[in-house]
Peer 1: 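I have a structure I would like to understand better, so I am pasting it below and will then ask my questions one at a time.
Model, not experiment: these values are computed from the prediction. Hydrogens, waters and symmetry mates are skipped; everything else that's a heavy atom, side chains included, is used. Reminder, nothing fancy here: chain letters follow the sequence lines and each chain counts from 1.
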There are 2 protein chains.
Amino acid sequence: MSENRLSSSEFPAASHQDGDAASPRRRGSRKSAGGVTLRDVAQLAGVAPITASRALNTPSAVSPKVLQKVREAVEKTGYVPNLLAGGLASNKSRLVAVVVPTVIGPVFQEIVHTLTETLAAAGYQVMLGQSGYENSREDALLEAIIGRRPDGVVLTGIMRSAEARKRLLASGIPVVETWDLTPTPIDMLVGFSHEAIGREVARYLHQRGRKKVAVVGGRDERSQRRMNAFAQECVALGMHEGRAPLPMHHVTAPTTLGQGRQGLAELLQAQPDLDAIFCSSDLLALGVMIEAQSRGIAIPEQLAVVGFGDLEFSRDLQPRLTTVRIDGTGIGQRAARFIIDRAAGIEVAERVVDVGFSIIARDSA
Amino acid sequence: MSENRLSSSEFPAASHQDGDAASPRRRGSRKSAGGVTLRDVAQLAGVAPITASRALNTPSAVSPKVLQKVREAVEKTGYVPNLLAGGLASNKSRLVAVVVPTVIGPVFQEIVHTLTETLAAAGYQVMLGQSGYENSREDALLEAIIGRRPDGVVLTGIMRSAEARKRLLASGIPVVETWDLTPTPIDMLVGFSHEAIGREVARYLHQRGRKKVAVVGGRDERSQRRMNAFAQECVALGMHEGRAPLPMHHVTAPTTLGQGRQGLAELLQAQPDLDAIFCSSDLLALGVMIEAQSRGIAIPEQLAVVGFGDLEFSRDLQPRLTTVRIDGTGIGQRAARFIIDRAAGIEVAERVVDVGFSIIARDSA
DNA sequence: GTGAAAGCGCTAACAG
DNA sequence: CTGTTAGCGCTTTCAC
């Protein structure tokens with residue numbers, strides 16, 4: 001059994017003179033990477049490594065004199081702490097894994113951006129992972145994440161497999177799920193109800209007297225849930241005969257403007273007298289608007305259009321797009337706070353937060 | 001929190017009994033993080049830790065029998081290697097830092113996406129950093145990056161300060177700069193010439209008989225360089241009298257559709273007879289198109305519009321947008337390859353690659 | 001093919 | 001406030 005303890009005779013006591021023992025290389029052992037280490041800084045400052053460490057991490061715990069000497073040594077040597085080593089020793093990696101289906105497309109940008117910024121300000125780095133819209137790569141991704149021992153994981157609209165969820169939970173890493181209100185959160189949750197959105201949009205259109213509604217939506221699960229709730233509520237409100245299903249055009253995520261154009265074209269073919277369309281993204285909505293325009297269909301007079309996401313451009317379209325706004329920044333900030341607090345040992349009271357949504361009523365509906 | 005560490009008594013020593021010396025905890029020293037370690041796996045498999053390590057990292061270097069036993073032990077314990085520890089010992093972090101001005105906005109999505117995917121496939125994780133469009137936060141970001149000892153850094157359109165560049169170079173980390181062809185690359189470079197784009201677009205419009213051109217562009221440096229080269233070439237081609245400066249509307253990055261609308265409005269006020277506009281992003285171009293439309297200006301008949309970026313939606317606009325295409329995927333792949341090769345000890349022959357660009361001629365110009 | 005020893009660079013724990 | 005000691009969990013080196 002390897003007892004890899006170092007006999008003290010190999011370590012000349014650091015306090016008294018040690019002649020050429022200052023050389024960090026003993027015997028013919030290991031090649032050092034060549035960088036400046038804390039040891040070098042400490043030596044230059046004339047203190048023990050741990051003191052130099054304290055000067056850098058808890059300046060208030062050392063004397064001003066030592067603090068200054070260490071800082072000078074850092075300056076002189078260009079020392080940059082090795083966070084890998086620090087993380088290993090302290091069991092805090094200061095790394096947070098952020099997983100999104102994809103960074104392509106505008107949907108998750110706001111969350112990724114906010115997390116990166118907020119966490120960076122608190123001394124954390126973001127490790128980005130893309131899960132894709134299929135579940136196949138989740139396992140490999142999870143392994144890569146857990147292997148880094150992050151101080152937290154933020155999951156956005158993903159991690160379906162029960163196996164993966166169990167593993168994450170077992171790892172003991174704080175997990176924040178976002179972008180949905182799942183019934184059985186792994187750990188913490190910041191999201192909103194896709195069903196509520198579908199219902200609310202149906203009521204919105206109903207109030208405005210629309211009678212012939214249809215949907216263009218992504219095939220991903222969350223989009224489906226919005227769409228189905230929307231359809232159900234439409235039936236409940238008498239906007240649609242329960243017999244035939246509500247006209248729906250399904251597209252593959254991530255959604256595109258082109259899909260929106262095509263969607264309207266196909267829906268119109270089946271049902272030329274549509275007077276309202278709910279799209280599962282603003283990009284789809286823009287496509288619908290452009291297609292309508294090129295066919296001489298007036299928006300909102302003849303056709304009402306509602307999007308989802310409230311992208312930056314939506315307010316500047318002609319007509320301005322009515323859409324559903326999700327506060328991605330707010331979600332990102334709360335998720336970051338959850339993890340930061342947890343790392344600081346603060347137990348969060350509210351582990352599930354519904355950030356809600358709002359329908360931004362503009363001109364298109 | 002479940003302390004799911006397996007005490008050695010739960011793992012019968014497979015080789016020979018070694019009393020309580022097998023206990024990894026000596027004295028009242030350090031608390032272990034609670035995870036399964038390689039040591040646990042090795043013990044369960046009845047081999048030395050180093051052998052278990054080899055079974056996982058270089059399976060071909062151990063006997064099939066050992067390989068199987070180790071794999072079973074991994075399975076049974078749910079062991080996930082601690083990459084922090086591995087990185088510290090091997091001096092390879094398998095981490096690549098990717099720095100972009102911001103992930104908000106469509107410009108850098110393709111690069112971030114491709115890098116994340118390509119590097120993940122090769123066993124690397126992406127650490128995301130946002131530098132903003134000002135240079136102020138570069139230092140802190142750099143410190144955070146170098147501290148992780150990444151195996152590579154990909155810089156996209158940033159790192160202006162000479163100080164920061166020097167520090168990166170001194171750190172010895174392979175660096176790939178992208179999105180530009182700087183005269184003095186830090187290390188490796190995959191980019192294109194913003195000046196060449198400006199000139200080429202000017203010629204394109206000249207060939208199509210445009211005479212009164214203007215520009216809507218971001219204030220960031222790269223955009224400026226495109227715009228200035230464009231203006232210069234316009235003068236050279238006689239499209240603009242050298243006396244007055246070319247009409248330019250400057251906007252703050254990241255660019256938006258709204259800025260495009262406003263840009264056209266203001267340019268038109270000063271120069272009502274414009275017949276062509278070069279925008280520094282497709283989003284700006286879309287704004288220009290929408291504004292033109294709402295004013296009854298026909299595109300391309302009365303006004304030609306050229307964008308930059310060839311966003312996914314541009315081909316589906318009405319009229320379809322003529323724009324400049326940059327192969328973000330190609331850039332990402334090359335950048336990833338540079339770093340992977342370098343980590344493998346392969347010296348790359350071509351350290352500077354010009355990926356060029358192409359003008360996608362569609363209907364708007 | 002396998003293993004013992006010796007750290008990678010840092011911090012927690014416990015003294016003084 | 002400062003230092004000593006003992007590792008964090010892994011891999012490199014060198015020996016068998």
Peer 1: What pairs with A:R71 under salt bridge (charged side-chain N to carboxylate O under 4.0 Å, His left out), at least two apart in sequence or on another chain?
Peer 2: none

Peer 1: So, using side-chain contact (heavy atoms from CB on, under 4.5 Å) as the criterion, who are the partners of B:V352 when residues are at least two apart?
Peer 2: B:P185, B:L189

Peer 1: Can you tell me the distance, in whole Å, between the CG atom of A:L84 and the C1' atom of C:dG7?
Peer 2: 16 Å

Peer 1: Rounded to whole Å, how long is the line connecting atom CG of A:D40 with atom C1' of C:dC8?
Peer 2: 13 Å

Peer 1: Quick one: the side chain of B:R54 and the base of C:dG3, do they pair up donor-acceptor inside 3.5 Å?
Peer 2: yes

Peer 1: Considering residues at least two apart in sequence or located in another chain, which fulfil the salt bridge (charged side-chain N to carboxylate O under 4.0 Å, His left out) criterion with B:E143?
Peer 2: B:R167

Peer 1: Starting from the first five and the last five pairs of the helix from C:dG1-D:dC16 to C:dG16-D:dC1, work out the angle between the resulting helix axes, to 10 degrees.
Peer 2: 20°

Peer 1: Tell me what A:P81 touches on the nucleic acid: a base, only sugar-phosphate, or nothing, going by heavy atoms under 4.0 Å.
Peer 2: sugar-phosphate

Peer 1: Looking at A:N82, does any N or O in its side chain come under 4.0 Å of the phosphate oxygens OP1/OP2 on C:dC8?
Peer 2: no

Peer 1: In whole Å, what is the span from the CD1 atom of B:I50 to the C1' atom of D:dC16?
Peer 2: 15 Å

Peer 1: Expected output is a numbered-order residue list: members of residues 62-69 of chain A with a heavy atom under 4.0 Å from any atom of DNA chain D. What is it?
Peer 2: A:V62, A:S63, A:V66

Peer 1: Distance check needed: D:dG7 C1' versus B:R39 CZ, whole Å only.
Peer 2: 11 Å

Peer 1: Would you please name every residue forming a side-chain contact (heavy atoms from CB on, under 4.5 Å) with B:T102, sequence neighbours left out?
Peer 2: A:H113, B:I104, B:Q130, B:Y133

